[in-house]
4 protein chains.
Amino acid sequence: MPAQNSSPSHSQGPRRSPTSHQAIVSAAVELAGELPYSRLSIEAIAARAGVGKQTIYRWWPSKAAVVLDAVLTWSQGDDGDLQLPDTGDLETDLRAVLHATVDELNDPHYDRPMRSLTVAIVEDAQLAAEYGERLERPLHQAKKARLHRAQLAGELDPEADLDVAVEMIFGPIMNRWMTRSGPLTHAYADAVLATALAGLRRRG
Amino acid sequence: MPAQNSSPSHSQGPRRSPTSHQAIVSAAVELAGELPYSRLSIEAIAARAGVGKQTIYRWWPSKAAVVLDAVLTWSQGDDGDLQLPDTGDLETDLRAVLHATVDELNDPHYDRPMRSLTVAIVEDAQLAAEYGERLERPLHQAKKARLHRAQLAGELDPEADLDVAVEMIFGPIMNRWMTRSGPLTHAYADAVLATALAGLRRRG
Amino acid sequence: MPAQNSSPSHSQGPRRSPTSHQAIVSAAVELAGELPYSRLSIEAIAARAGVGKQTIYRWWPSKAAVVLDAVLTWSQGDDGDLQLPDTGDLETDLRAVLHATVDELNDPHYDRPMRSLTVAIVEDAQLAAEYGERLERPLHQAKKARLHRAQLAGELDPEADLDVAVEMIFGPIMNRWMTRSGPLTHAYADAVLATALAGLRRRG
Amino acid sequence: MPAQNSSPSHSQGPRRSPTSHQAIVSAAVELAGELPYSRLSIEAIAARAGVGKQTIYRWWPSKAAVVLDAVLTWSQGDDGDLQLPDTGDLETDLRAVLHATVDELNDPHYDRPMRSLTVAIVEDAQLAAEYGERLERPLHQAKKARLHRAQLAGELDPEADLDVAVEMIFGPIMNRWMTRSGPLTHAYADAVLATALAGLRRRG
DNA sequence: GTCTAACCGAGACGGTACGTCCAGTCTTGTT
DNA sequence: AACAAGACTGGACGTACCGTCTCGGTTAGAC
């Protein structure tokens with residue numbers, strides 16, 4: 001008797017093709033840079049990636065999820081970026097970060113895929129949560145950490161809520177970017193930053 | 001030459017059916033409250049409105065434009081609202097406005113159509129401009145006017161940029177709503193408002 | 001007075017495009033002559049016809065139904081053919097018909113579309129009934145009519161069941177064609193005919 | 001059809017798993033009894049048999065070939081049946097055979113798999129040849145042998161072509177079964193048989 | 001008694017086609 | 001001329017299978 005059915009299953013899990021995965025993600029970023037989100041199709045991603053549609057549906061639940069992974073993979077360079085500059089002067093450091101952010105948001109190569117992802121996030125709460133955990137939260141923590149150091153250094157009111165503080169600085173800028181309610185300039189960023197810090201600084 | 005029979009006074013231009021127009025706009029709001037924007041179809045709007053598809057295409061260039069008109073018409077009550085309360089105490093007045101805003105944004109009857117419109121705006125610069133002129137700017141001006149009175153009354157720094165000021169107060173809240181990056185509570189609104197006003201108040 | 005708008009609908013029925021209809025039917029016959037039935041796709045028919053797939057699905061319930069209509073339309077010339085030749089000699093007349101039939105069945109231009117239709121009929125009882133009414137029965141009646149004249153003329157046993165008689169003559173040939181159980185020649189047809197008539201003739 | 005590499009003498013050839021083979025064939029018959037041929041998939045056969053798809057593709061070139069093997073294996077009882085009854089009276093013996101045939105063809109357990117196989121045969125000349133050799137020819141020979149004995153006994157015209165004779169008797173019935181051009185009854189079989197034998201009997 | 005090659009189950013892969021939904025255009029007949 | 005209705009071409013959806021292709025894991029003979 002072969003006595004072999006002790007192992008209940010072959011249990012080796014799915015074997016995802018890394019080349020296909022990469023091709024899909026790359027194609028998605030490319031296309032997200034060429035088309036608005038609503039005209040970005042899974043069919044086009046599959047065709048561009050040289051992949052069967054089913055390979056996308058097998059691994060991602062929706063177009064939005066593909067775009068999330070695509071943008072995350074694409075901006076992976078940010079992963080090491082989890083440390084904000086710290087020259088000792090908070091406003092200087094934040095100004096540098098904000099200027100870089102504004103420059104990115106004004107660069108179509110960044111703006112277009114990011115805007116696609118944002119459309120998906122505004123529409124889909126599930127995806128927003130996923131995005132929050134995987135990209136937004138680490139960035140938020142890095143910003144908060146910088147503010148925390150400033151707080152310890154006496155640059156900020158010791159009672160300030162730093163989560164709110166981060167949003168005071170970045171929220172108006174992201175909102176202006178999303179809704180295009182005005183030009184997104186360094187000067188605007190500086191004004192936002194100055195006002196926010198004025199409100200956050202140690203009070204006599 | 002057809003002699004330009006769109007002659008001024010007596011001409012009637014296109015004879016748009018007011019009942020059809022109203023039915024379309026109502027159906028669009030209803031459906032925007034039931035479905036995410038991406039699954040909202042012109043076909044469904046036409047069917048719900050009891051209208052031929054062509055009647056929609058005749059008067060609106062895109063689904064986004066219908067939704068814009070629909071949401072605008074639906075929230076027309078706000079039109080009289082162009083005056084913010086003025087009790088003499090800016091923070092009290094703004095707190096009331098922010099609480100009302102937060103409550104609306106947390107109400108699915110308001111959130112869902114508005115979110116559909118926002119998706120359309122994030123994706124479509126043309127529509128964003130249209131939206132900016134027709135809804136956002138008047139609201140912005142009303143808010144700015146209240147801040148201006150406060151500035152004149154010495155509650156705010158006379159040098160403060162009031163456009164930035166409005167965005168400091170409302171931007172973080174709208175951003176949190178859109179991206180669902182955190183709970184949208186009265187307390188959060190109060191914290192944003194307090195911080196912003198602290199940064200905007202007369203110094204020295 | 002509007003009188004009569006009590007009519008619940010405009011009730012004018014569907015307005016099928018005759019050019020699309022014709023193009024679909026033609027493309028189907030063409031493709032049925034190029035591909036085996038199982039590889040004949042609605043997609044290919046639509047593409048060849050320059051038509052949206054939906055236009056096919058709107059008017060036909062299945063690929064089989066398209067093929068039936070296509071073959072019927074294509075062989076419409078047979079419609080006037082409902083009269084078999086009558087020289088007074090039954091065997092001569094039937095031999096001519098059988099030879100023509102055998103020649104057709106051996107002609108790929110006829111064989112291939114007809115075989116596709118036959119595959120559909122063998123598989124689908126519903127379609128078989130449709131086919132029976134629209135093509136087989138008229139042909140059967142024409143053959144039976146010729147046999148009936150022969151019976152009246154004393155060439156056949158007055159008690160012979162003519163429905164069976166028709167099938168005795170054509171059944172073996174059609175069966176051999178379908179199953180390719182042997183070569184389909186004039187000689188074979190003659191042998192079948194001779195045997196059948198020997199069994200059907202007036203017995204002495 | 002086994003690929004049967006006729007490798008040199010001592011070779012042992014492929015080591016086909018008999019349990020898998022049997023499971024595939026059984027699953028194919030089962031499914032052929034539940035689904036029309038066009039909706040019978042290799043994937044479903046593999047799943048039902050608890051077998052990898054490759055195991056099917058390794059040993060059979062097509063779905064049609066699996067079905068052929070499946071039906072042949074399933075109806076293997078017929079293999080010993082290669083002797084028709086011989087009571088000395090041809091018509092009695094054939095009537096028994098025809099009634100049994102008609103009963104089988106009217107039994108869904110037999111009709112459905114057989115019809116699937118027939119669909120495959122009508123479409124695929126290669127398979128028809130295979131079927132002809134492995135199932136039809138032995139049956140045909142058995143029928144012909146019985147007719148030959150009748151011919152020797154003087155029941156049939158000594159000049160009758162017995163291949164044609166077999167087809168005269170069985171062709172109309174098979175044709176009616178395939179095309180469902182009429183009810184398949186004992187009475188119909190009797191009428192066909194009587195007419196055919198009338199045409200085949202010793203003349204003069 | 002290992003070695004090793006073929007077979008096995010499983011199932012991912014690039015594809016084709018399915019049958020459906022909807023976009024945006026066009027046509028018909030009614031108001 | 002705008003309207004309700006709805007057919008039209010066409011693009012994309014998400015699913016089912018195709019036939020091919022690895023994966024590990026058995027399972028024989030061959031060594």
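Naming: A, B, ... by sequence-line order, numbering from 1 per chain. Any value given below was found using the heavy atoms of this structure, including those in side chains, with hydrogens, waters and symmetry copies removed.
Taking atom CG of residue B:Leu31 and atom P of nucleotide E:dC22, one finds them 11 Å apart after rounding to whole Å. Rounded to whole Å, atom P of F:dA5 lies 13 Å from atom CZ of B:Arg58. Atom NE2 of B:His21 is separated from atom C1' of F:dA2 by 15 Å (rounded to the nearest Å). Atoms CD (D:Glu43) and C1' (E:dT16) sit 14 Å apart, rounded to a whole Å. The distance between atom OH of A:Tyr37 and atom C1' of F:dA12, rounded to the nearest whole Å, is 14 Å. Here E:dG24 presents its C1' atom at 16 Å from CH2 of B:Trp60, a figure rounded to the nearest Å. What separates CZ of B:Arg48 from P of F:dA5 is a distance of 15 Å, to the nearest Å. Atom-to-atom, CG of C:Leu35 to P of E:dT16 comes out at 14 Å; the value is rounded to the nearest Å.
Residue A:Thr55 has a polar side-chain atom (N or O) positioned under 4.0 Å from OP1 or OP2 of E:dG14. Look at B:Trp59 and you won't find any side-chain N or O under 4.0 angstrom from OP1 or OP2 of F:dA1. In this model, the phosphate group of E:dA12 is not approached by any side-chain N or O of A:Ser20 to a distance below 4.0 Å at OP1 or OP2.
Within the nucleic acid shown, D:Lys53 comes within 4.0 Å of at least one base atom, counting heavy atoms only. A:Arg16 comes within 4.0 angstrom of the backbone, heavy atoms only, and of no base.
Which of F:dA16, F:dC8, E:dA17 sits closest to the side chain of C:Ser41 comes down to E:dA17. Of the listed nucleotides (F:dC13, F:dG19, E:dG19), E:dG19 has the atom at the smallest distance from the side chain of C:Tyr57.
Residues A:Ser26 and A:Gln22 have side chains that bring a donor and an acceptor to within less than 3.5 angstrom of each other.
Comparing B:Ala46 and C:Val51 against DNA chain F, the residue whose closest nucleotide sits nearer the 5' end is B:Ala46. Each of A:Ser17 and D:Ser17 was matched to the nucleotide of DNA chain E holding its nearest heavy atom; the match closer to the 5' end belongs to D:Ser17. Nucleotides of DNA chain E nearest to A:Gly50 and D:Gln54 differ in position, and the one nearer the 5' end is that of D:Gln54. Heavy-atom nearest nucleotides on DNA chain F were determined for B:Gly52 and for C:Gly52, and the one closer to the 5' end corresponds to B:Gly52.
The main-chain N or O of B:Ser41 is never found under 3.5 Å from a side-chain atom of B:Lys63 such that the two would form a donor-acceptor pair.
Counting all heavy atoms, side chain and backbone alike, C:Ala27 lies closest to C:Arg48 at CB-CG, 3.4 Å. Taking every heavy atom of both residues into account, A:Asp124 and A:Ala64 meet most closely at OD2-CB, 4.5 Å.
Comment: D:Arg115 does not engage C:Glu123 in a salt bridge, judged by the lack of any side-chain N to carboxylate O separation of less than 4.0 angstrom.
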